[in-house]
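Here the structure comes first, spelled out in structure tokens, and everything after it is commentary.
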Amino acid sequence: MEISTVLFNWYDYNKRDLPWRQTRDPYKIWLSEIIFQQTRINQGLEYYQKFVENFPSVHDLANADIDSVLKLWQGLGYYSRAGNLHAAAKDIAATYKGTFPSTYNQLIKLPGIGPYTAAAISSLAFNLVHPVMDGNVLRVVSRWFAIDDPVNSSKGKKKIEQILSELIDTNEPGKFNQAIMEFGALFCKPQKPACHDCVFSKICMAFQQNRVVNFPVKLRNLKPKTRYFNYLVILNSIDNQTVVYLQKRNGKDIWKGLYDFPVIETAGHPDMDMLMKGQEWDRMAGKMNMNVSSVSKIYRHQLTHQKIFTRFIEITSPDKFQPENIPAIPVDIDDLQSYPIPRLIDKYLHDRGML
DNA sequence: AATCCGGGGTG
DNA sequence: CACCCAGGATT
């Protein structure tokens, strides 16, 4: 029996009932594909539902305000996905008048859509024959065929792409793509794969050679950098209203588009006396009539490639004032919940009872 | 080809 | 705690 036949039998019996599998609306399929880039189903499911609810069509998304899109995306990570999603929605609304682009070459031109997502949308929504290569597929194929080249190298990817072009079912390419990804997610898992009752054990070279644990071969990744943030939580109380100063993060650093506090980044965490003698402190806070009312514990925030140690320095000022050298905006603490913020800031604000 | 961009899961 | 997961954009 052909691999795709065995795969389809397995899929028909084992597939999960997931919302975007009940539609061929390319908009909803696109939405799901962007949300589930680097994201496990359990983590992204409620985000998918929120997006479909809040933005039922590509026009609703295109007309939305970027901050409200980011707010819905908050907590999901890789925030450039939200910006690209929004930009692509505007493209589609303008260039395609809302008729969703339907070919691989049109799709891959859109921001946030690369080879994987273009293949996924064109096959799932439009039944075009483009094999997907996500992490699941790379793992499954590298085991079936005992691919010794790293799957995150271009040589390894080319080999797997070649194999997939022969395996894919040309009548039902969308089903084939969904099925092989689902098989990777549920059976051919990274750790403890279910080889004992796998329908492919006879054709799986890795299993036959008792080397399943050796695949996929990967180039190893870098160690995370350590960074130290000193956040300035500048609080003003005016007429029973408390405002705190937020700044929107721009540039190439993490959390682009999200809001946090004015920050002094240091090589380590100097004691407060040292910090307050430094240039940055003087530039940002030197002109303020203020006092440091408290310094938080150290929060440790782990990202894939960065380990961030953070302390929150609360500064209260009797004056109504606008920080001069900081592009920060005053936000009533009752309005904080409408700003998209990183997990770390969210955690702190909850600890302080401000959110 | 190498590096950066989050957050959560697993053992 | 250490380690795993892995698409797209940028350099």
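Reminder, nothing fancy here: chain letters follow the sequence lines and each chain counts from 1.
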Report task. Name the nucleic acid region contacted by A/Asp134, choosing base, sugar-phosphate or nothing; use a 4.0 angstrom heavy-atom cut-off, strictly under. Result -> sugar-phosphate

Requested in this report: Verify, without hydrogens or angle tests, whether A/His350 (side chain) and A/Asp346 (backbone) share a donor-acceptor contact under 3.5 angstrom.
Outcome: yes

Requested in this report: Figure out the CZ/P separation between A/Arg343 and B/dG8, and round it to whole Å.
Outcome: 4 Å

Query raised in the report: Given B/dC5, is OP1 or OP2 found less than 4.0 Å from the side-chain N or O atoms of A/Gln306?
Result: yes

Query - Contact under 4.0 Å: A/Tyr78 side-chain N or O vs B/dC4 OP1/OP2 - result: no

**Report entry** Any donor-acceptor pair under 3.5 Å from A/Arg143 side chain to A/Met205 backbone
**Finding:** no

Requested in this report: Would you indicate what A/Lys192 reaches in the nucleic acid, counting non-hydrogen atoms under 4.0 angstrom: base, sugar-phosphate, or nothing?
Outcome: sugar-phosphate

**Report entry** Any N/O donor-acceptor pair, A/Thr304 side-chain to B/dG7 base, under 3.5 Å
**Finding:** yes

Requested in this report: Answer with base, sugar-phosphate or nothing: what part of the nucleic acid does A/Arg40 contact at a heavy-atom distance below 4.0 Å?
Outcome: base

Query raised in the report: With a 4.0 Å cut-off on heavy atoms, is A/Tyr116 in touch with a base, just the backbone sugar-phosphate, or nothing at all?
Result: sugar-phosphate

Query - Evaluation steps, ring pair (Phe, Tyr, Trp, His ring centres under 6.0 Å), between A/Phe36 and A/Trp20 - result: CA-CA 11 Å; A/Phe36 292 106; A/Trp20 53 93; 4.7 Å; yes

Report task. Remember a base hit wins even if backbone is also touched, and classify A/Glu33 as base, sugar-phosphate or nothing at under 4.0 Å, heavy atoms. Result -> nothing

Query raised in the report: If only atom types and distance count, is the side chain of A/Glu182 paired as donor or acceptor with the main-chain N or O of A/Arg16 below 3.5 Å?
Result: yes

Query - Below 4.0 Å: OP1/OP2 of B/dC4 and any side-chain N or O of A/Lys225 - result: yes

**Report entry** Candidate nucleotides C/dT11, B/dG7, C/dA6, ranked by approach to the side chain of A/Asn136 - the nearest
**Finding:** C/dA6

Query - Separation between the P atoms of B/dG6 and C/dT11, rounded to whole Å - result: 15 Å

Requested in this report: From the options C/dA6, B/dG7, B/dC5, select the nucleotide whose nearest atom is closest to the side chain of A/Trp255.
Outcome: B/dG7

Report task. Assert yes or no for the condition that the ring centre distance of A/Trp73 to A/Tyr47 is strictly below 6.0 Å. Result -> no

Query raised in the report: Taking N and O atoms by type only, does the side chain of A/Thr117 place a donor or acceptor under 3.5 Å from a partner on the base of C/dG7?
Result: no

Query raised in the report: When you compare C/dA6 with B/dG11, how far apart are their P atoms, in angstrom units rounded to a whole number?
Result: 15 Å

Query raised in the report: What nucleic acid atoms does A/Lys307 come within less than 4.0 Å of, heavy atoms only: base, sugar-phosphate, or nothing?
Result: nothing

Query raised in the report: Is the distance from OP1 or OP2 of B/dG6 to the nearest side-chain N or O of A/Arg81 less than 4.0 Å?
Result: no

Query - Sugar-phosphate only, base, or nothing, as touched by A/Ile113 at under 4.0 Å among non-hydrogen atoms - result: sugar-phosphate

Report task. Quick one: label A/Asp253 by what it contacts on the DNA or RNA (base, sugar-phosphate, nothing), any heavy atom closer than 4.0 Å. Result -> sugar-phosphate

